[in-house]
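Worksheet for the structure shown next.
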Number of protein chains: 2
Amino acid sequence: MAIQDLNQEVLNLVRKHYPQIAERTLQEDIAQVGKVMHFRAGEMIMDFGSYVKIVPLIIKGSIKVSREDEGGNELFLYYLQPGETCSMSFTCCMMNKKSEIRTVAEEDTTVIGIPTRYMDEWMSRYPSWKNFVMLSYDNRMLELIRTIDSIAFKKMDERLLDYLEKKAEANNSRTINATHQEIAYDLNASREAVSRLLKQLEKEGEVELGRNRIELL
Amino acid sequence: MAIQDLNQEVLNLVRKHYPQIAERTLQEDIAQVGKVMHFRAGEMIMDFGSYVKIVPLIIKGSIKVSREDEGGNELFLYYLQPGETCSMSFTCCMMNKKSEIRTVAEEDTTVIGIPTRYMDEWMSRYPSWKNFVMLSYDNRMLELIRTIDSIAFKKMDERLLDYLEKKAEANNSRTINATHQEIAYDLNASREAVSRLLKQLEKEGEVELGRNRIELL
DNA sequence: CACCCCCTGTGACCTTCATCACTGCCCCTT
DNA sequence: AAGGGGCAGTGATGAAGGTCACAGGGGGTG
């Protein structure tokens with residue numbers, strides 16, 4: 001595929017999925033330096049502790065963002081969807097810091113990867129890029145606060161239901177394919193607790209359970 | 001006090017406490033529109049659900065930032081110290097949204113209040129303002145993630161110690177003046193649990209307890 | 001001084017959830 | 001068809017921490 005074709009592809013994707021990126025010259029800059037990248041469902045995009053080299057503009061699919069502490073405890077934070085980007089990338093790259101989070105493709109996912117060195121310049125030059133970045137930060141902060149609410153104030157049954165709803169939304173399907181153990185990791189809970197709570201939800205008619213499968217009703 | 005004197009006061013404060021705000025014209029802009037504001041220890045600066053009208057540059061003292069959910073559950077998030085600002089303000093104001101947090105003066109506190117309408121323009125015009133804002137966001141995100149770590153992965157005794165350390169730092173004193181009930185609110189715990197854990201810490205020689213007073217050893 | 005309010009200490013009990021141990025079953029492989 | 005590995009269900013037990021009840025003490029106020 002020739003360079004011009006690739007540029008045109010990126011240009012079209014940006015125009016279609018990021019209408020808020022308004023300046024034509026910015027769109028063209030993105031088409032110049034952005035690369036279309038594909039990740040398979042389950043593929044790790046960036047691990048905790050690694051250095052950030054690109055900022056992803058998500059085009060298709062969804063990305064799961066998790067936190068892991070030194071002891072190996074894991075906790076799901078939020079999903080990134082098409083039209084969104086990873087705020088953690090911005091200053092991670094601006095300051096050349098290690099990532100504090102882990103990102104994994106939830107479905108087969110397509111992103112436009114932008115080398116981090118352009119971020120700063122575009123912030124000053126393009127108002128719509130500045131707004132985009134600021135809005136991203138704000139949305140992520142809000143999402144983190146919602147996560148805190150959930151952990152601090154809610155009990156496991158409610159957290160589990162919230163989690164299932166979000167996962168269903170991220171996968172565009174009321175059927176969730178996951179083992180109880182995987183869910184337990186994401187909620188930082190025990191597998192047995194998740195099993196029991198799911199059973200309870202099934203009795204209440206909220207879900208239907210199968211092997212590797214949860215149906216939201 | 002004449003206008004010129006006030007401007008000069010703000011100018012001096014900015015230069016002294018915010019060396020990273022480098023552009024002389026930006027310093028002067030801040031001096032033009034910024035107002036020195038004082039808050040007494042314990043005074044509420046902004047409540048949950050109110051609209052944000054100013055962005056505060058903290059000069060002296062410290063500000064406690066908390067979250068409260070619909071049910072009235074409360075949770076301490078972090079302290080803002082001199083040289084810092086409230087990231088939540090930026091887009092709250094840019095989008096005219098209600099505040100998601102509550103801020104209370106921890107000590108007697110002085111800030112420079114900047115009307116929110118200047119934020120956006122300065123972001124584009126002054127690189128050091130843009131960097132300042134981005135760094136603030138990044139620091140706050142990190143602080144929120146640390147808070148999540150704490151709630152999700154740690155037990156109450158460790159959270160309590162962390163809390164006491166932060167409170168001591170915010171007050172520049174190893175002696176903390178607070179009731180067990182107040183601490184319990186901040187940790188979203190019960191007063192009895194806090195009392196028992198403090199007693200335990202006293203037995204271990206970590207603290208010394210008095211009425212309305214905790215001495216960190 | 002006497003009173004009273006607020007703060008602290010402590011026991012008893014309960015809920016939530018982690019942990020351990022084991023069973024059974026689905027489904028894949030050989 | 002037989003075996004086996006991964007997944008789900010379930011009981012027993014215990015730790016952390018919430019809730020309730022109440023006792024005691026310090027310090028300010030009338």
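Every chain is numbered from 1, with letters handed out A, B, ... down the list of sequences.
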Which of the following nucleotides, [options], is nearest to the side chain of [X]?
X      : options                : value
B/R211 : D/dG25, D/dT10, D/dG17 : D/dG25
A/L209 : D/dG9, C/dG9, D/dG26   : D/dG9
A/R191 : C/dG9, C/dA21, C/dA18  : C/dA21
A/K199 : D/dT10, C/dT19, C/dC7  : D/dT10

[atom1] of [X] versus [atom2] of [N]: gap in Å, rounded?
X      : N      : atom1 : atom2 : value
A/L198 : D/dC7  : CG    : P     : 15 Å
A/I183 : D/dG9  : CD1   : C1'   : 15 Å
A/N188 : C/dC17 : CG    : C1'   : 12 Å
B/D157 : D/dA15 : CG    : C1'   : 12 Å
A/L201 : D/dA8  : CG    : P     : 15 Å
A/Q200 : D/dG9  : CD    : C1'   : 14 Å
B/E202 : C/dG9  : CD    : C1'   : 11 Å
B/L160 : D/dA16 : CG    : C1'   : 14 Å

Strictly below 4.0 Å: does B/H180 bring a side-chain N or O up to OP1 or OP2 of C/dT8? yes
The answer to which of B/K155 and A/E192 contacts DNA chain D further toward the 5' end, by nearest nucleotide, is A/E192
Quiz item: Is the base of C/dT8 touched by the side chain of B/R213 through a donor-acceptor pair closer than 3.5 angstrom?
Solution: no
With no angle test and no hydrogens, is the base of C/dT19 tied to the side chain of A/R196 by a donor-acceptor pair under 3.5 Å? yes
Of A/V194 and B/E182, the one whose closest nucleotide on DNA chain C sits nearer the 5' end is B/E182
Assess whether a salt bridge exists between [X] and [Y], defined as any Lys/Arg side-chain N lying under 4.0 Å from an Asp/Glu carboxylate O.
X      : Y      : answer
B/E215 : B/R213 : yes
A/E107 : A/K60  : no
B/K166 : B/E106 : no

- Item | Touch class at under 4.0 angstrom, heavy-atom based, for A/S190 against every strand present | base
Given the options A/D186, A/D69, A/D47, A/R102 meets salt bridge (charged side-chain N to carboxylate O under 4.0 Å, His left out) only with A/D47
Determine, using ring centers only, whether A/Y18 and A/F132 are less than 6.0 Å apart. yes
